[in-house]
Novice: 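I have a structure I would like to understand better, so I am pasting it below and will then ask my questions one at a time.
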2 protein chains.
Amino acid sequence: MPELNESEVYWWRPLDAAVATDTRSKILFAAYKEIHLHGFQSASLNNILAHTGVSKGALYHYFPNKTELGYAVIEEVIADRIFRSFIQPLQQADDPVQSLIELIQQAGRSFTLKDIQMGCPLGSLAQEMAPISEGFRLRLNKIYQLWHGAIIEALSRAQQQGRLIPQVVPEQLAVMVVATLEGCLSAGMIAQDLTRLTQCGAGLIQYLQLISIDKK
Amino acid sequence: MPELNESEVYWWRPLDAAVATDTRSKILFAAYKEIHLHGFQSASLNNILAHTGVSKGALYHYFPNKTELGYAVIEEVIADRIFRSFIQPLQQADDPVQSLIELIQQAGRSFTLKDIQMGCPLGSLAQEMAPISEGFRLRLNKIYQLWHGAIIEALSRAQQQGRLIPQVVPEQLAVMVVATLEGCLSAGMIAQDLTRLTQCGAGLIQYLQLISIDKK
DNA sequence: CTTGACATACCAACCGGTCGGTATTATAAA
DNA sequence: TTTATAATACCGACCGGTTGGTATGTCAAG
């Protein structure tokens with residue numbers, strides 16, 4: 001399956017990947033890339049090793065086995081990305097719904113074709129591993145719960161401020177927003193077309209605007 | 001990764017699986033199950049063989065290689081399921097939006113915990129293979145385009161009938177509906193909780209009702 | 001006597017994981 | 001300050017098992 005060249009396509013701000021100098025971090029980020037590209041089950045430890053120049057002994061010095069390496073990727077790399085990109089911005093907002101809309105818009109604008117080519121690291125790993133491994137499912141679910149919680153809190157706040165129609169149930173909408181967001185990214189990835197992504201996002205934004213109340 | 005017992009969890013009406021008597025069909029359905037459970041890359045041909053009792057020679061008699069077997073699963077099994085479950089019902093409807101809502105509601109009701117444990121066969125395969133194989137991506141995208149087309153047509157019809165507010169753009173909403181639907185199923189799967197699925201579905205239905213016009 | 005429908009035996013490549021060994025650094029007693 | 005001890009951080013050859021794929025053989029139907 002060598003249709004994709006593994007060159008530096010890589011996505012969504014290099015983040016700490018460049019900063020990572022110690023061996024453990026190097027392994028962790030290489031593992032994150034490999035898992036995101038091939039999925040966990042098909043991720044090859046030898047590939048990770050080859051990309052980092054680290055030896056197998058080093059890998060097994062820091063991680064007892066492949067599964068634990070996968071757990072570490074979830075808890076240390078993926079969780080951090082979701083938190084920084086989608087949770088933290090919501091907590092600081094004073095107009096929650098508007099900033100939720102802007103968050104979606106900004107995501108839609110900043111994405112390039114290459115960015116969406118590989119889909120959401122959280123979503124694809126969840127799709128693959130949740131059905132076959134409780135250990136993975138539990139750890140991935142924890143991230144989703146955090147994400148949902150942040151949106152629920154934001155929507156409730158908006159409702160209290162009178163910026164959101166009272167018929168909306170925050171718990172309900174929050175789950176739907178996350179689901180749609182991931183679905184949109186997935187749709188853009190499959191079509192390999194940014195307009196599909198923005199189309200999808202526009203649909204969600206229209207909904208949010210429909211249920212929000214302009215205060216001015 | 002032997003956390004899930006592979007016994008007859010299997011999902012969404014056995015469909016033709018029981019009817020399949022000829023060797024090629026047996027291989028095809030076993031491959032579908034194996035791929036849905038482990039993904040394409042980690043799907044083991046030996047596993048498929050073991051489950052069917054078919055020999056390796058037979059498999060390679062009907063399919064030139066693993067990739068072509070995967071293509072056949074998409075085009076013959078998955079496409080058929082999506083068409084029968086989500087496209088055909090929409091084409092025959094005379095109140096398109098209402099029947100779309102009912103389709104979602106009925107899906108939400110008929111699903112059991114076991115059904116959602118494994119997620120959507122189309123979505124998870126797309127997540128895995130679209131980024132790394134054009135052959136897979138193109139074939140999966142074709143199914144999505146068919147699905148989108150059916151919803152677009154239904155929404156346009158509804159708009160002509162005056163049952164849908166004119167502000168909504170059918171192309172936009174169609175992509176979003178599919179994305180949300182898959183996102184909901186995924187959310188339910190990760191939480192392993194049906195209420196998460198119905199929560200998510202309720203959010204979508206609320207939106208659809210908000211933009212539809214009651215004719216009576 | 002050919003052809004399609006299998007069955008069996010086998011292959012190299014790769015898999016995750018283990019092992020014995022080593023170079024470097026931290027700790028602490030003399 | 002020197003020196004013995006011990007823990008840490010690797011290294012890379014090797015293991016049994018599995019992978020997708022192939023080459024050859026059988027055998028009934030036409």
Side-chain angles (χ1 to χ4, degrees), chain A residues 1-6 20-74 76 125 128-129 132-136, chain B residues 1-4 6 20-74 76 125 128-129 132-136 139:
Chain A
M1 213 54 40
E3 295 182 34
L4 191 80
N5 69 324
E6 291 196 32
T21 46
D22 63 297
T23 307
R24 209 192 98 103
S25 299
K26 269 200 261 181
I27 297 170
L28 212 52
F29 279 108
Y32 168 70
K33 288 191 190 183
E34 174 78 5
I35 289 172
H36 188 25
L37 187 57
H38 291 291
F40 175 77
Q41 294 178 96
S42 299
S44 159
L45 297 183
N46 291 333
N47 262 4
I48 295 168
L49 267 25
H51 278 94
T52 53
V54 167
S55 72
K56 190 160 264 190
L59 198 161
Y60 276 90
H61 174 70
Y62 290 106
F63 305 95
N65 50 49
K66 193 188 177 186
T67 303
E68 289 295 330
L69 175 60
Y71 292 168
V73 167
I74 294 174
E76 298 179 43
L125 192 55
E128 181 195 4
M129 297 307 292
I132 55 168
S133 162
E134 270 296 286
F136 276 84
Chain B
M1 215 55 38
E3 293 181 36
L4 190 78
E6 292 196 31
T21 46
D22 63 298
T23 307
R24 209 192 97 103
S25 299
K26 268 200 262 181
I27 297 170
L28 212 52
F29 280 107
Y32 168 70
K33 287 192 191 184
E34 174 77 7
I35 289 172
H36 188 25
L37 187 57
H38 291 290
F40 175 78
Q41 293 178 97
S42 299
S44 160
L45 298 183
N46 291 334
N47 261 3
I48 295 169
L49 266 25
H51 278 95
T52 52
V54 168
S55 73
K56 190 160 264 190
L59 198 162
Y60 276 89
H61 175 70
Y62 289 106
F63 305 97
N65 50 48
K66 193 189 178 185
T67 302
E68 289 295 330
L69 174 61
Y71 291 169
V73 166
I74 294 173
E76 298 179 41
L125 191 56
E128 180 196 4
M129 297 307 292
I132 55 169
S133 163
E134 270 296 285
F136 275 84
R139 284 166 176 82

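Naming convention: chains lettered A, B, ... in sequence-line order (proteins, then strands); numbering from 1 in each chain.
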Novice: I need the OH-C1' distance between B/Y62 and C/dT3, as an integer number of Å.
Specialist: 13 Å
Novice: Distance check needed: D/dC10 C1' versus A/F63 CZ, whole Å only.
Specialist: 14 Å
Novice: Can you tell me which nucleotide in C/dT18, D/dC11, D/dG20 comes closest to the side chain of B/K56?
Specialist: D/dG20
Novice: Under 4.5 Å between any side-chain heavy atoms of B/E128 and B/Q41, yes or no?
Specialist: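 Yes, close enough: below the 4.5 Å cut-off.
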Novice: Quickly work out the A/L59 CG to D/dG12 C1' distance and round it to whole Å.
Specialist: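 To the nearest whole Å, that distance equals 13 Å.
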Novice: Please report the distance, rounded to the nearest Å, between CD in A/Q41 and P in D/dT19.
Specialist: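 Between P of D/dT19 and CD of A/Q41: 12 Å.
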Novice: Strictly below 4.0 Å: does A/S55 bring a side-chain N or O up to OP1 or OP2 of D/dC10?
Specialist: no
Novice: So, does A/N46 get its side chain near the phosphate of C/dC14, meaning an N or O under 4.0 Å from OP1 or OP2?
Specialist: no
Novice: How long is the line joining CG of A/N65 and P of C/dC15, in whole Å?
Specialist: 17 Å
Novice: Tell me the interatomic distance from B/I48, atom CD1, to D/dT18, atom C1', rounded to whole angstroms.
Specialist: 14 Å
Novice: Look at the side-chain N and O atoms of B/T23 and state whether any lies under 4.0 Å from the OP1 or OP2 oxygen of C/dC6.
Specialist: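 It does, given that an N or O in the side chain of B/T23 lies less than 4.0 Å from OP1 or OP2 of C/dC6.
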Novice: Report the distance from atom OH of A/Y60 to atom P of D/dG12, rounded to the nearest whole Å.
Specialist: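 Computing the A/Y60:OH to D/dG12:P distance gives 17 Å.
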Novice: In the structure I gave you, are the side-chain heavy atoms of A/S44 and A/E34 within less than 4.5 Å of one another anywhere?
Specialist: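 A side-chain contact exists here, since the closest heavy-atom pair is under 4.5 Å.
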Novice: Which nucleotide wins on minimum distance to the side chain of A/H61, given the candidates D/dC10, C/dC6, D/dG21?
Specialist: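 My answer, after comparing the listed nucleotides, is D/dC10.
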Novice: For C/dG17, does the base pair up with any side-chain atom of A/K66 as donor and acceptor (N or O, under 3.5 Å, distance only)?
Specialist: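 No, the side chain and the base share no sub-3.5 Å donor-acceptor pair.
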Novice: Could B/E134 and B/R139 be called an ion pair, given the rule that one side-chain N must be under 4.0 Å from one carboxylate O?
Specialist: no
Novice: Check the distance between C/dC15's P and A/N47's CG and give it to me in whole angstrom.
Specialist: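 In whole Å, C/dC15 P lies 6 Å from A/N47 CG.
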Novice: Hey, which of these two, B/A58 or A/A43, hits DNA chain C nearer its 5' end, going by closest nucleotide?
Specialist: B/A58
Novice: Tell me whether the NZ or CZ atom of A/K66 lies within the 45° cone about the ring axis of A/Y71 and under 6.0 Å from its centre.
Specialist: no
Novice: Determine, step by step, whether B/V54 and B/I48 satisfy the side-chain contact (heavy atoms from CB on, under 4.5 Å) criterion, reporting the C-alpha distance in whole Å, the side-chain angles of both residues, the deciding distance to 0.1 Å, and the verdict.
Specialist: CA-CA 8 Å; B/V54 168; B/I48 295 169; over 6 Å; no
